[in-house]
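Following: one structure in structure tokens, then a few remarks.
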Amino acid sequence: MLTIPFIKDHRDTVLKGLEVKNFKNPELIDQIIELDNKRRALQVKTNELQAQMNKLSKEIGQLFKSGEKEKANQVKEQTTGIKQELETMEQDLQRANERMNELLVQVPNVPHPSVPGGNSEADNKEIRSGGSIPSLHEGAQPHWELGKKYKLIDFDLGVKITGGGFPVYRGKGAKLQRALIAYFLDQNTDAGYEEILPPLMVNEESGFGTGQLPDKEGQMYHVTGDNLYLIPTAEVPVTNIYRDVILDAGELPIKNTAFTPCFRREAGSYGKDVRGLNRVHQFDKVEIVQIQHPSNSYNALEEMVSHVEQLVISLGLPYRIVQLCGGDLSFTSALTYDFEVYAAAQDKWLEVSSVSNFEAYQSNRLKMRFREPGEKKTQLTHTLNGSALALPRILAAILENNQTPDGIKIPEVLHPYMGAGNEMIT
RNA sequence: GGAGAGAUGCCGGAGUGGUCGAACGGGGCGGUCUCGAAAACCGUUGUGCCCUCACGGGCACCGGGGGUUCGAAUCCCUUUCUCUCCGCCA
């Protein structure tokens, strides 16, 4: 969430930003500012009363010690009135603070000035593209047919074991999956990211920290018996490593990469683009996360985009990078680039990565701070993350684009990971 | 699943009703000494909020929530988590 000082000092910027995001409650900002003034007044008064009580209590203690019981009891009587007043005051203050929190979590992050206005995908701005769109042979098939034909992916088996959206990979399909994971992790660690293998379930606190709770509760699988949530992305456990931590400026940036399965209920999205691997409930993803000094976060964002771009290029996939418009930007993001690859048989662009700078928005919730050497005051870090990369759609594009009448060609960079004799799936 | 123990500052660990934001030790930082370092010695070392231009000051926080009391790290209730032993198990 945004900090109160930021909202107060940049009221107009915030209002303008919310407009770009099509956020339809600008009055909220003034409500917050107003409530903060009220809250401060309450706190001043409360603190005064508390100070009075502390003083009197100390006095009573002294008096009892020196045996002046009578006097002590006199002072005691003085406290009752103050105590009552203090009680209501404290309640008011607590209520104001709770209310403030309710209001603050309703305010989305302010988009970066470069974010274009717009309502939907259609208004996203293409930054650049690369690769060439392959021309397929006669009778080319979409990946769900290819998966069946070459015994790589079995969707029906997933339905039997679990349900729709839980594909079973087998044989070369499973191996290709493993190859992609290893390849991505190696590329990421070569680029300076520390590899993390985190828990796949998180507690409520972590879910709240990265913003999945309470707003997107329905999107996560909830293990009610233990009150844990299956992670929808590695971002959740990895970013929460640094929750409630004060770093030295010298420790920044922190760069982590993690492979995890991701679990998403995708409630409400049935029937749309759900064929094959396009949208599933469980999928594998390699994520990159950076904790950055605020002065460098946008450099880091560009660096992450180039890194992901290299991955896509190395796999030989036609791609385009779009900057999300205000309306398409997530609640917590200040600037997001989406990567899409072209799946030739479906004639569709599939989103395979989303790279975002959250600035201090997540950090504020997570209490993730750093300190400049010699400074006493702490500052909020900036957080960024991106997929590098999400597997199913990459797999879909590879299968579809690389199909030939004789089989499916495995991208060269994966050959070392697939083992000899597996340059082609036949 | 059964039984027990515990949760205090960067770490270890004391503290069972009043000057405890917290002894003591370690670590960190600054200094003295030294050619330099080590050792030794001295000093310093939590977070957040609020008032103030500032100097400075106030308040809260000893896992979380609630209660008793003039006063709670300390007593009571409740909750979460951790550890140990037994059982089960990859």
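Only heavy atoms go into these numbers, but all of them, side chains included; no hydrogens, no water, no symmetry mates. Here is how names work: the chains are called A, B, and so on, in the same order as the sequence lines, proteins then strands, and each is numbered from 1.
Of all heavy-atom pairs between A/Leu63 and A/Val75, the closest is CD1-CG2, 3.8 Å. Closest of all the heavy-atom pairs between A/Leu335 and A/Ser114 is CD2-OG, 4.1 Å.
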*Intermediate values then yes/no, side-chain hydrogen bond (donor to acceptor under 3.5 Å, both in side chains), A/Glu90 and A/Gln94*: CA-CA 6 Å; A/Glu90 275 176 338; A/Gln94 197 188 335; over 6 Å; no

*Step by step, would you call A/Lys285 with A/Glu235 a salt bridge (charged side-chain N to carboxylate O under 4.0 Å, His left out)?*
CA-CA 10 Å; A/Lys285 179 159 66 64; A/Glu235 167 198 345; over 6 Å; no

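With a cut-off of 3.5 Å on both Watson-Crick or G-U wobble distances, the partner of B/G9 is given as none. With both pairing distances under 3.5 Å, B/U84 is matched to B/A3 as a Watson-Crick or G-U wobble pair. In this structure B/C33 sits in no base pair that meets the Watson-Crick or G-U test at under 3.5 Å. In this structure, B/G21 makes no Watson-Crick or G-U wobble pair, since no nucleotide meets both defining distances under 3.5 angstrom.
Here the nucleotide nearest the side chain of A/Ala51, chosen from B/G58, B/C51, B/C70, is B/G58. Here the side chain of A/Arg39 is nearest to one of B/C49, B/U47, B/C70, namely B/C49. Each of B/U47, B/A60, B/G71 was ranked by its minimum atom distance to the side chain of A/Gln50; first place goes to B/A60. Here B/G48 is the nucleotide among B/C70, B/C50, B/G48 with the atom lying nearest to any side-chain atom of A/Arg369. Ranking B/C50, B/U19, B/U47 by closeness to the A/Gln43 side chain, first place goes to B/C50.
As rounded to whole Å, 14 Å separates atom C1' of B/C61 from atom CG of A/Asn97. The separation between A/Lys76 atom NZ and B/U68 atom C1' is 13 Å, rounded to whole Å.
Heavy atoms of A/Gln62 sit under 4.0 angstrom from at least one base atom. Within 4.0 Å of A/Thr378, counting heavy atoms only, lie sugar-phosphate atoms of the nucleic acid but no base atom. Here A/Lys377 lies in heavy-atom contact (under 4.0 Å) with sugar-phosphate atoms only.
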